Amino acid sequence: MPGQCVIGLQWGDEAKGKLVDLLTEGKDLVVRYQGGANAGHTVVIGDDVYKLHHIPSGIINEGVLNLISPGVVINPPTILKEIEMLAERGIDVAARMKISQRAHVVMPWHVLEDKMWNELVSGQDNIGTTLRGIGPCYADKIGRSFAVRMGDLIQPDFAERVARIVAVKTKILSAASGSAPELDADAIVEEFSAYAKKLAPMITDTNQIVLDAVDADKNILFEGAQGSLLDIDHGTFPFVTSSNSSGLGISTGSGVPGNWLSKIIGVTKSYATRVGGGPFPTEQDNDTGQHIRDLGNEYGTTTGRPRRCGWWDAVAARYTARLGGVTSIALTMLDVLSELEEIQVCVAYELNGERITHFPGQVNDLRNVKPIYETIPGWQTDVTGARSLDDLPTKSLQFARKIETLIGRPIEFISVGPDRAQTIHIPENESLENYLKAKSV
Ligand code: GDP
Ligand code: IMO
Ligand code: MG
């Protein structure tokens, strides 16, 4: 069975971690291919809650190898903390995970730069990053001369490299801030060499591992981070992250050829959220938004920031599903809408007096669109206990059917709560459409 992938269709936090954990059974490899510690993926199994930033969500299952591939940017102290957290819960990460020697390292100057660039841009132009050094690290990767990769940490010229980079970064940061940054090359070398020593048994050439797995027709699951609308090339630029988070980054990030991917599951919430700056046409900065935030516990997994909440947006989801080559949908957080009498779904935008159904590529256009809504009746029944389509109220199924029709891809999973068990699977030989037809509704 060739490669499968889980990607977010919105602005992140769609519950990708939950889906990946669920789909890990029967896989040989689970692969993270972009992003870094800006991600926060949650897996809930009974009373156990795992919050993962770096480590693939396949780590909880035994017998699966987890890879962090070249397209990821790694913050060594963060990943070590996660390894420790998992060790305390009986998971030996070193036995289940490999890290690419090609993956770039988020160095202390990247975190300082992230903070400074955020401070220098205010108001509606502020991206509101996670301040994890992600953008500056990817910028240095593309710039090449001042980059550090995981493999470099254990090279004999590491100290020399750090000294050279610190000299330049000190000049840049001093000029930008007016005071010298706290960057001590010797201390950084000592600190990062210690991290490297701990991580060394895991650092390897993951390209060989995935390409061998492809040759052997092994089952690989790719875990996307962030959401498609945060894609550096195809998202709501400049209010995006610095990697290809749309699913188009799977190949470049992991080293697996694109024609080997057969199944791409696009995850979407039953509403929309966004953290940080940038346009959000269906945002509900009002009681409805607060209701969704309260019921969905919409606070960032990584930064704890309250997430901006709004109605589900078909224009955006159809765009990202097409962009990512999505083959089926996982609809999550259905339970969060259960108390609402009526639910709005954005089916088109109005831009300069014209109805449009394409997603604008220019951020100012996106700021100016007015959502056109269709009202869907709510079901006002608790669905958290539902384990099959039969357990779901018809109105909630009609809502789900509306979403799948608007996206143009079949729903394969419906999630009604955070727990692994709170998931309904619609097998390939069945469909929501046929189910509703058989029910004559
Ligand atoms: P990810 O970044 O896409 O992995 O998503 P996050 O973990 O950042 O955010 C999703 C949050 O919603 C987590 O707290 C999950 O435990 C929780 N969650 C996942 N699925 C559901 C669901 O169907 N209903 C509710 N109420 N919460 C869910
Ligand atoms: P997961 O994988 C939600 C957002 C930040 C900010 C923008 C740029 O958990 O879905 P960055 O630090 O990447 O330079 O910030 O992207 N962002 C996320 N929002 N979920 C995420 O990851 C995110 N990763 C980054 O809030 O608006
Ligand atoms: Mg998240």
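Just so it is clear, the values below take in all heavy atoms, side chains as well, and ignore hydrogens, waters and symmetry mates. This one's a predicted model, so the numbers in the text were calculated from it and none came from an experiment. Whatever order the structure lists ligands and atoms in, that order sets their numbers, starting from 1.
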Of the protein's non-hydrogen atoms, which lies at the shortest distance from atom 13 (O) of ligand 2, and what is that distance?
T241 OG1, 2.6 Å

Compare all side-chain heavy atoms of R308 with those of E298 and state whether any distance is below 4.5 angstrom.
no

Just by distance, no angles: are the side chains of S57 and K16 close enough, under 3.5 Å, to form a donor-acceptor pair?
no

Under 4.0 Å, heavy atoms only, figure out whether ligand 2 is touched by the backbone of F239, its side chain, both or neither.
neither

Which atom, counting only N, O or S, brings D13 closest to the Mg ion (ligand 3)?
OD1

Decide whether a cation-pi geometry holds between R305 and Y299; the criteria are a distance under 6.0 Å from NZ or CZ to the six-membered ring centre and an angle within 45° of the ring axis.
no

Taking distance alone, with N or O pairs closer than 3.5 Å, would you say K16 contacts ligand 2?
yes

Among side-chain atoms of T268 and W312, is any donor-acceptor pair under 3.5 angstrom?
yes

Rounded to the nearest 0.5 Å, the CG atom of N66 sits from the CD1 atom of I59 at a distance of 4.0 Å

Once rounded to the nearest 0.5 Å, what's the spacing between atom CZ of R132 and atom OG1 of T78?
7.0 Å

K18-S415 side chain donor-acceptor pair, cut-off 3.5 Å:
yes

Consider every N or O of R132 and every N or O of ligand 2, then say whether any pair is closer than 3.5 Å.
no

Relative to each other, are the rings of F399 and W379 parallel, tilted or perpendicular (30° and 60° limits)?
tilted

Could you identify the single nearest non-hydrogen protein atom to atom 12 (O) of ligand 2 and state the distance to 0.1 Å?
T130 OG1, 2.5 Å

Give a yes-or-no answer on whether the side chains of S245 and Q226 include a donor-acceptor pair shorter than 3.5 Å.
no

Mind checking whether S242 has an N or O less than 3.5 Å away from an N or O of ligand 2?
no

Within a distance under 4.0 Å of any heavy atom of V275, pick out the atoms of ligand 2 and give their elements.
5 (C), 6 (C), 26 (O), 27 (O)

What do you reckon, does H41 have a nitrogen or oxygen under 3.5 Å from a nitrogen or oxygen of ligand 2?
yes

N219 (side chain) donor-acceptor with K27 (main chain) under 3.5 angstrom
no

Distance-only polar pair, side chains of R401 and Q398, donor-acceptor under 3.5 Å
no

Shortest heavy-atom approach to atom 7 (C) of ligand 2 - which of N126, L131, V240, T273:
V240

Give the atoms of ligand 2, by number and element, whose distance to some non-hydrogen atom of G276 is under 4.0 Å.
27 (O)

So the atoms of ligand 2 within less than 4.0 Å of a heavy atom of G40 turn out to be 1 (P), 9 (O)

What heavy-atom pair brings S69 and V31 nearest, and what distance separates the two atoms?
OG-CG1, 3.5 Å

Aromatic ring proximity F146/W109, centre distance under 6.0 Å:
no

For the residue pair C346 and D313, what are the closest heavy atoms and their distance?
SG-OD1, 3.7 Å

re atom 19 (N) of ligand 2, the protein heavy-atom contact at minimum distance is W11 O, 3.5 Å

For the residue pair Y349 and F359, categorise the inter-ring angle as parallel (less than 30°), tilted (30 to 60°) or perpendicular (more than 60°).
tilted

Which pair of non-hydrogen atoms, one from S174 and one from A180, has the smallest distance, and what is that distance?
OG-CA, 3.5 Å

Element-labelled atoms of ligand 2 that are located less than 4.0 Å from some non-hydrogen atom of A225
2 (O)

Proximity of R305 to ligand 2 by residue part, where a heavy atom lies under 4.0 Å:
side chain

Around ligand 1, what residues show up once you keep those with a heavy atom under 4.0 Å from it?
D13, E14, A15, K16, G17, K18, G40, H41, T42, V44, T301, R307, M333, D335, V336, S415, V416, G417, P418

Min N/O separation Q226 to ligand 2 under 3.5 Å:
yes

Which residue supplies the protein heavy atom nearest to atom 6 (C) of ligand 2, what is that atom called, and how far is it?
G128 O, 3.3 Å

Under a plain distance cut-off of 3.5 Å, with no hydrogens placed, do T394 and K439 share a side-chain donor-acceptor pair?
yes

Near A39 (heavy-atom distance under 4.0 Å), the atoms of ligand 2 are 1 (P), 2 (O), 9 (O), 22 (O)

Give a yes or no on whether G12 keeps an N, O or S atom under 2.8 Å from the Mg ion (ligand 3).
no

Considering heavy atoms of the protein only, find what lies nearest to atom 15 (O) of ligand 2 and give residue, atom and distance to 0.1 Å.
T129 CA, 3.4 Å

Do me a favour and list the nearest non-hydrogen protein atom to atom 20 (N) of ligand 2 with residue, atom name and distance?
D13 OD1, 3.1 Å

Heavy-atom nearest neighbour of atom 17 (N) of ligand 2 within options N38, I232, L230
L230

